[in-house]
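The block underneath contains the structure these notes are about, expressed in structure tokens.
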Protein chains: 2
Amino acid sequence: MVTITARGTSAHSNERGDAYDPKCPTRHVLDRIGDKWTVLVVGSLRGGPLRFTQLRLAVGGVAPKVLTQTLRALERDGLLTRTVFAEVPPRVEYELTELGQTLQTPIAAIRDWAELHMSQVVEARARYDDEI
Amino acid sequence: MVTITARGTSAHSNERGDAYDPKCPTRHVLDRIGDKWTVLVVGSLRGGPLRFTQLRLAVGGVAPKVLTQTLRALERDGLLTRTVFAEVPPRVEYELTELGQTLQTPIAAIRDWAELHMSQVVEARARYDDEI
DNA sequence: GTTGTTAGTACCCGCTGGTTACCGTGAGAC
DNA sequence: GTCTCACGGTAACCAGCGGGTACTAACAAC
């Protein structure tokens, strides 16, 4: 399993974080993943770089402003790169970084879970709503 | 096992959902997981049932109203059970269902990723903010 | 009567997610 | 020359929701 060397006062940044400590930056990282669109955007980029509009279509239902926000946040976190080509009409490509690639596995796990257990959740909801 | 008869719009693409289709209920399931507190709440319950206040402390920094909302949503989705004991002072216990337990693995993967890569993300953010 | 405990709810506020409209630039159609 | 289109956003606006604080009900213990 995972052996933790020294957690202590979480002052040094090379240690493992503790997601249950509100003061730990891990919380911010979790917030990013806990963003509605992050999972879908990162998942969409698994096959290689995409342009803005391609991403918009791939994700489906995301407003341009929100997509921009999501992409900027992901870029800031070092999960993807934004490359602007000096062309007209403009071309901008988004591509996962190495760090972003490592996120692919856990995100795929979440997506798989959602897709596999969707029906059970839907049933549970129907049952719950009926009881009220 | 799980067999879904018909899925409406998208050509019945077997029993598995498609998270990239905005009309697929998978999206709602993803939204639940993509909730800021879900990951922490479900993770807190991995060791067994907890009471409301215990959960509040375990998660850390969650407002009671928001915790209630989160718990109700998780209950509705069949991921946990809410047991009220007719005592004074009141006692309410929250416990993961079997379905909720299956969510433990992917959530642990996310949490592990966040805790392991936290420092890289923090560094990337600092770099990004400096460049501006 | 007073205090303590517990699981919430009521109420208010500010942020933010979402929607729609619009922009700048140059290539091609006419 | 000018009309239109493609593309990647941004501007302005709004509703809803997350978040914080205060408060409640009920009874046991003192």
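Computed from heavy atoms alone, side chains included, the values below leave out hydrogens, waters and symmetry copies. So you know, we letter chains A, B, ... as the sequences are listed, proteins then strands, and number each from 1.
Taken residue by residue, residues 38-55 of chain B places heavy atoms nearer than 4.0 Å to DNA chain C at B/R51, B/F52, B/T53. DNA chain D lies under 4.0 Å from at least one heavy atom of each of the following residues of residues 76-92 of chain B: B/V88.
The interatomic distance linking A/E93 (CD) with D/dG8 (P) rounds to 9 Å, in whole Å. Between B/L71 atom CG and C/dG8 atom C1' there is a gap of 11 Å when expressed in whole angstrom units. The interatomic distance linking B/L57 (CG) with C/dA7 (C1') rounds to 13 Å, in whole Å. Remark: P of C/dT6 and CZ of B/R56 are 11 Å apart, rounded to the nearest angstrom.
In this structure, A/V39 and B/Y20 approach most closely via the heavy-atom pair O-OH, 4.5 Å. Across all their heavy atoms, B/V42 and B/G100 have their closest contact at CG1-O, 4.3 Å. Minimum heavy-atom separation, B/R111 to A/A19: CG-CB, 3.8 Å. Taking both residues in full, the closest heavy atoms of B/G17 and B/C24 are given as CA-SG, 3.8 Å, listed atom of the first, atom of the second, then distance. In terms of heavy atoms, A/R56 sits closest to A/V62 at CG-O, 3.8 Å.
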Problem set entry | salt bridge (charged side-chain N to carboxylate O under 4.0 Å, His left out) between B/R27 and B/D21, intermediate numbers included | CA-CA 8 Å; B/R27 279 295 260 277; B/D21 176 9; over 6 Å; no
For this session: Using the salt bridge (charged side-chain N to carboxylate O under 4.0 Å, His left out) rule, take B/E115 and A/R16 through it: C-alpha gap first, then chi angles, then the decisive distance, then the call.
Result: CA-CA 5 Å; B/E115 294 183 350; A/R16 190 193 169 101; 2.7 Å; yes
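Linking Ile, Leu, Val, Met, Phe, Trp and Tyr whenever their side-chain heavy atoms come within less than 4.5 Å puts B/L55 and B/V84 in one cluster. Residues B/F85 and B/L50 are members of separate hydrophobic clusters, defined by side-chain heavy-atom contacts under 4.5 angstrom among Ile, Leu, Val, Met, Phe, Trp and Tyr.
Using a 4.0 Å heavy-atom criterion, one finds that B/R72 contacts the sugar-phosphate atoms exclusively.
Although no hydrogens or angles enter the test, the distance criterion places no donor-acceptor pair under 3.5 Å between the side chain of B/T38 and the main chain of B/I33.
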Distances for protein N or O near nucleotides 12-19 of chain C N or O, under 3.5 Å:
residue : atom : partner : partner atom : Å
C/dG17  : OP2  : A/Q69   : OE1          : 3.4
C/dG18  : OP1  : A/K36   : NZ           : 3.2
C/dG18  : OP2  : A/W37   : NE1          : 3.0
C/dG18  : N7   : A/K65   : NZ           : 3.0
C/dG18  : O6   : A/K65   : NZ           : 2.2

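Ionic pairing of B/R91 and B/E93 is present here: one or more N-O contacts between side-chain nitrogen and carboxylate oxygen are shorter than 4.0 angstrom.
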